[in-house]
**Student:** 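Pasting in a structure now, in structure tokens, and then I'll have a few things to ask.
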Amino acid sequence: MTLRLLRAWIAWLWSGWSAAAGLALLVAGWQLAAERLGPLLLPAPLDAFARLYSLLEAGVLWPEFLVTARRALAGFALALGIGCAAGVLAGISRAGALLARPLVTVLLGMPPIAWLVLALLWLGSGDGTPVFTVCAAALPVVFGATLQGMLTRDTALSAMARAFGLSWRPRVIEVELPHLLAWLFPAATTALGTSWKVAVMAELLTSSDGIGAALADARTQLDMTTALAWVLCVLLALLLVEYGLLEPVKRELERWREVAR
Amino acid sequence: MSLLRIRGFGHRYGARRALAPMDLTLERGESLAVLGPSGCGKSTLLQATAGLLEIGEGTIERGWQNLGMVFQEPRLLAWRSALDNIALGLKARGVRRRERRAAATALGTRLGLSAADLALYPAALSGGMRSRVALARALAIEPDLLLLDEPFAALDIGLRHELEQWLLRECLRLGCTMLMITHSPREALRLADRLLVLGGQPGRPLLALQPALRATDRSERDVLALETALLADTGFRAAFGLPPDERVEATDRAPETAWFQHHCLATPAPDRQAC
Amino acid sequence: MLTLRTAYLQLLRWPLWQCGLRPFFLAGAAVAALYVPAWLAVLGGRLRAPAFPGGVTAWHAHELILGFGLASVIGFSLTAVPEFTSARGFGRRISLGLFALWLGARAAAAAIVLIGVWPLALLQTALCLWLLLVLTRAIWQDPARRQLDLWAALAAVLLAATLCSLDLAIGGVLFADPLAGLRLILHLMLPLIVLKLARISMRVVNRCLEEAGAEPDYLARPPRRHIAALLIVLHALAVLAGAQGVAGWLGLGAGAASLGLLGDWPHTRVLARRWVALLYTLPWLLGLGYLLDGAARLGASIPPSAGLHVLAVGALGQGVFVVFCIAGRMHIGLSPDEGRWLPLAALMLLGAALVRALAGMAGLHALPLWWCAGFLWSSGFALWLWRGGVDLARRRGDGAWGCVGPRAPE
């Protein structure tokens, strides 16, 4: 089992070469634009990478990165917990679902920046504001997906499980949970990406530390290279988590969808 | 005591009555097919027996320990391999993983599923293989009552025949009681010792038929002859809304009494003439 | 007149012309075996440098790319295009005519000091345009037009070769440096390897899987090779435009996409089989070559010619060798060669590519490594000429004619 998983993971990593080719194409476009616009407006990719490395060397990168990661992940975890619980509750009762539908629409439509203003008033400029904003931005995605998963449960399968004498616990594990996960997982991936973006945005506007704050510093000094280095840092972290962790897990979880080779 | 005793059970969906109150008794080792047109309440009867329906009127006495059920569609868990799907009922009964996998493999092999097939997920299986898995899942728990809801309706005649024969053999081996619903007279005559015909709106029992031979003793010729006789029966034709067959002369109907023990249970709707 | 005509008819009877690949594969291998030692002798001062526009390096690149590379491409396309499009073969007269033009071009290149550049340019232009005409007709006559990608790749190579040849004569209007044009031709030949590899490798690998008792489920997925071909072409254009940075990133991308081709391969023991192993090295060489090229352009301390030579000596050389050994056997009615010399020759080519890449890196002396690489590469092809090439000039043993494969054993 472990060996098979390891092999599948390596095969997956190897298939990342094609993704790397796509990224190289993107960077080549960046290079072309940089050569046209000049270093003041758009520094060349190599310069941004070099700046990123020098930030790492100087020991500036990790602390700021960890601060942002802490906020993003805390907000994401909160959103995941609350969203799942609320989604399941709303899905169990039809009344709850009816009540929650417009709520999801409103929450999804609410711009994160509006939450930020409110949070700044309520929670000040510590960790609370970014965590709250991240949570508020990611919550409706998780909640909506969970609710949708609950509403599309296959009653025929539940009936089958009951007929075969499965009590509620194995019935939840065998029948309901896999169905719910199939809905929740893609939503959680989206929510994680959102969490990163919103955390950086919240820091940019409210905090004195974290990647967002570093970006704000770079902007005030008109240091495009450093700003791009920080952007690269966020993107690299996102790519690493997405392609190194989430995507292989998703492939493993959804292996059953594959039709015969 | 009887394995299944239904007393005065009837059912309404909202304001619409689907099934008029009816009685039904099933003895251990017997097999009964409930036959009827679509919408006559036969699925309701089966679901109530399986405990999937809240019972409003009447009582259902359940004398069995183990219930196996095969549905009209396979109803497999898409995220479990064929093997784990077969072993699902065993898992619910607390059988250890190794033992239940061994039992499921043995049963699957008897049904013509290779080890490679058993490792596949349902999405990768053909329709016929999915039906086999569903059938194996019901029999893996060695049920004393097996409920069948038109299980082979979507299969081609070759596959249907193969699975029917297999089912008869396994049921004989396990000594299980069988209650099936179907709208195919031939399937009913192949698998069931006796037949109950439902009809009308709301559904009610119209005919009870007891062929002379048990299902396991019938040859293919017997089944075909029985089907011909059944299709000539006025009461049966009325239950399915078939027009009376003018070609059937009174003289041709003579053998029918030799084939069936024939009980007329109720008068169908007034516009239909029967019994 | 009469004697000339008899001589021509006599010549046409040679078994050499019955299949398009025969003369060109032989000629390609001969160039590989002779011109590289000649180039090394010129470098070492043992041979007088031949006169050539753009200097002696341009001569070296020109003769290997348009001598060795183009001969292999012509031989391959003359056989593969009728096979892939299920059309009739091209016939002896076309083989003979094209070969005469190619041979004339080699002679003209050697005699530039006497006759000038124009004869060379005109001969090569005629060669490329005639071939393009012949191939286009065959591919477009196929009602399904299945081989349009092959056509596009071949047309790009032939048009680039035409432009490059004419530019030599008119004195660098298009390409400031003849080497730029030659590099373009080389880079445009590599998508051919990517496209052709898929077809040959699926057949070979699945047959080997079947023989090993496994499921023949290797499928070279089109998107991967399309991405690789696209990035290789974009890189070639960026190199041509002189955009160093952009070409660097595109080189890295082309390398990654080439290595991505390996994702479809079955990573089991079947890779140890000789034909599978031979084909398996090609994406590696392409990937390595482009990664080195891209890294050098982005400022890594790698000699700029290292990547280019991994591509030319390694990917193109090994790719041509594989075609020589597989198509060059099958289309003369013989089963694949199982002799021990073959893996040896392949290893020599592989070694040549790696040694050539090392030259100039990490403070190693370039000249001895060049000598070593050149010796290995020429010897590899000389070995092929000796053990396999001679069969191309002989009659078929099975009594058949043309390019048909060996009869299946009864």
Side-chain angles (χ1 to χ4, degrees), chain A residues 3-54 224-225 228 232 235-236 239-240 243-244 247-248 251 255 258-261, chain C residues 194 214-239 241-268 283-284 286-288 290-291 293-300:
Chain A
L3 194 72
R4 190 184 62 73
L5 279 182
L6 192 70
R7 280 176 82 138
W9 193 64
I10 290 176
W12 159 246
L13 276 192
W14 196 263
S15 74
W17 280 116
S18 298
L23 286 178
L25 193 60
L26 188 73
V27 179
W30 173 6
Q31 175 82 36
L32 194 64
E35 284 172 15
R36 290 285 150 80
L37 296 174
L40 211 62
L41 282 178
L42 185 65
L46 263 187
D47 296 335
F49 279 113
R51 182 63 56 86
L52 183 66
Y53 185 72
S54 68
M224 273 303 282
T225 314
L228 276 177
L232 274 180
L235 289 180
L236 284 178
L239 280 174
L240 215 65
Y243 281 91
E247 209 38 42
R251 272 161 74 116
R255 216 151 45 88
E258 279 171 30
V259 184
R261 293 219 293 164
Chain C
V194 173
E215 189 76 6
D217 57 358
Y218 166 56
L219 178 70
R221 296 196 176 88
R224 294 217 168 134
R225 61 173 180 273
H226 290 162
I227 291 176
L230 173 75
L231 278 155
I232 288 176
V233 171
L234 286 180
H235 170 264
L237 294 178
V239 170
Q244 192 74 351
V246 178
W249 290 108
L250 289 172
L252 293 185
S258 304
L259 290 175
L261 293 175
L262 295 166
D264 290 333
W265 286 70
H267 282 90
T268 58
W284 277 106
L286 276 173
L288 183 67
Y290 272 111
L291 287 182
D293 183 276
R297 284 176 200 281
L298 289 175

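Order of the sequence lines fixes the chain letters, A, B, ..., with proteins taken first and strands second; residue numbering starts at 1 for each chain.
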**Student:** Counting heavy-atom pairs under 4.5 Å to chain A, which of C:Val246, C:Leu252, C:Asp264 comes out on top?
**Tutor:** C:Val246
**Student:** Shorter than 4.5 Å, heavy atoms on both sides: which option in C:Ala254, C:Gly245, C:Ala243, C:Gly299 has the most such pairs with chain A?
**Tutor:** C:Gly245
**Student:** Return the CZ to CG distance between A:Arg36 and A:Leu42, rounded to the nearest 0.5 Å.
**Tutor:** 12.5 Å
**Student:** Output the distance between atom CG (A:Leu228) and atom CH2 (A:Trp30), rounded to the nearest 0.5 Å.
**Tutor:** 5.0 Å
**Student:** Looking at C:Leu234, C:Leu262, C:Leu261, C:Leu250, which has the largest count of heavy-atom pairs under 4.5 Å with chain A?
**Tutor:** C:Leu262
**Student:** Count the heavy-atom pairs under 4.5 Å between each of A:Leu26, A:Leu23, A:Leu25 and chain C, then report the option with the highest count.
**Tutor:** A:Leu25
**Student:** Taking C-beta and beyond as the side chain, do C:Leu291 and C:Leu259 meet within less than 4.5 Å on heavy atoms?
**Tutor:** yes
**Student:** Can you tell me how far apart CG (A:Leu46) and CH2 (C:Trp249) are? Round to the nearest 0.5 Å.
**Tutor:** 5.0 Å
**Student:** Under 4.5 Å heavy-atom distance to chain A, tell me which part of C:Ile227 shows up: side chain, backbone, both or neither.
**Tutor:** side chain
**Student:** Is atom OH of A:Tyr243 surrounded by more than 12 heavy atoms (other residues, nucleotides or ligands) closer than 6.0 Å?
**Tutor:** no
**Student:** For chain A, which of C:Gly260, C:Ala256, C:Ala247 has the most heavy-atom pairs under 4.5 Å?
**Tutor:** C:Ala256
**Student:** Less than 4.0 Å between a side-chain N and a carboxylate O, is that true for C:Arg297 and C:Asp293?
**Tutor:** yes
**Student:** With chain C as the partner, which of A:Ala24, A:Gly16, A:Ala21 has the greatest number of non-hydrogen pairs under 4.5 Å?
**Tutor:** A:Ala21
